[in-house]
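Notes follow the structure.
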Number of protein chains: 2
Amino acid sequence: MENQEIRDAGLKVTGPRVKILEILDRAGERHLSAEDVYRLLLESGDEVGLATVYRVLTQFEAAGLVERHNFEGGSSVFELNKGEHHDHIVCVICGKVVEFIDETIEKRQRQIAVEKGFEIADHSLTIYGRCNNPACSRRKEKGG
Amino acid sequence: MENQEIRDAGLKVTGPRVKILEILDRAGERHLSAEDVYRLLLESGDEVGLATVYRVLTQFEAAGLVERHNFEGGSSVFELNKGEHHDHIVCVICGKVVEFIDETIEKRQRQIAVEKGFEIADHSLTIYGRCNNPACSRRKEKGG
DNA sequence: AGACTAAATGCAAAAGCTTCTCATTTATTG
DNA sequence: CAATAAATGAGAAGCTTTTGCATTTAGTCT
């Protein structure tokens, strides 16, 4: 059961924490900001303070339960950590996010870190572009 | 002359702009936050408002004169755009930044974008780790 | 079950970073 | 040198995130 994950993180199993975990779980591959999580909580009729949402997300991040990403634009977004690292490709128009894993890139990164005398702690690769949604892609705009 | 770059960007050649460009130039590969630039201006005896620094940096970014990076931790940092794209490896302890270019990674990114149906606009790859500075590297901390 | 304690929560205030407003100043053009 | 649109400075305001503190709660021990 999921509550065990909270317990394993050394945190008390409280209403807000369980609910936030549920919301992230339901969000699947979507990335939610603290505001998003807060709004979804309210919509579910749960009275949780925004400060608590921030606190819990930060704790979950520290515990490795969730990952925080800082894409372009003010706020951080969060997603459940499913164990395997992945990078992101983000549509700059509609905000759609696709996750990917590429071992070639991972390997080169490790090599580069060694070359530069660094010991890798983490990395973040985000590609920004336009997705193939008609509203986003920029096909040759014929002299319309 | 550098002032021409400002003019080419469609901006008036003003004291603040020239000085900010100079500061970024002197900074070389170091990455400066808006605050950093502001402080350096004051230290040079130039009275420029922080708001102006932000405005000018944003304009320079829009004009392609500088690049903005959002590494972990609150604020954006800026560096002069020397024309060639590069990625970064950042020391999470001392903040040191090393730039690198890797064609293998670049190529894979283009392939991935195509696979996922995206048209690349930009990308950002940052590796976080500990540099080989004794104070930063985490050699097996022998007892004592 | 009831009591105890450290942790968690909610709220509002505060803190960073960045942008905006607007009166004043300045670069540029004729 | 006058005219004018753009740029500036100072502070207010905006956003996201954190913090302080009184109150509530989960987990533990009887």
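Being a predicted model, the structure only gives us computed values, none of them experimental.
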Of all residues at least two apart in sequence or in a different chain, which pass the salt bridge (Lys or Arg N to Asp or Glu O under 4.0 Å) check with [X]?
X	result
B/Glu61	B/Arg68
A/Glu84	none
A/Asp8	none
A/Glu22	A/Arg26

For [X], which residues count as a side chain to side chain contact (heavy atoms under 4.5 Å, CB included) partner, sequence neighbours excluded?
X	answer
B/Thr104	A/Thr104, A/Arg108, B/Asp102
B/Glu35	B/Ser33, B/Tyr38, B/Arg39, B/Leu50
A/Glu29	A/Glu99
A/Gln59	A/Leu11, A/Arg17, A/Val56

| field | Range on DNA chain C touched by chain A, heavy atoms, distance below 4.0 Å | value |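 So the outermost contacting nucleotides come out as C/dA6 to C/dA12.
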| remark: Nucleotide by nucleotide, nucleotides 21-30 of chain D touches protein heavy atoms under 4.0 Å in the pattern (B base, S sugar-phosphate only, - none) -----BS---
| Strand contacts (DNA chain C) in residues 35-49 of chain A, 4.0 angstrom heavy-atom criterion |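 Of all residues in residues 35-49 of chain A, the ones placing a heavy atom under 4.0 Å from DNA chain C are A/Glu47, A/Val48, A/Gly49.
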| request: Please give the angle, rounded to 10 degrees, between the axes at the start and the end of the helix from C/dA1-D/dT30 to C/dG30-D/dC1, where five pairs define each axis. | output: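 End axes: 30° apart.
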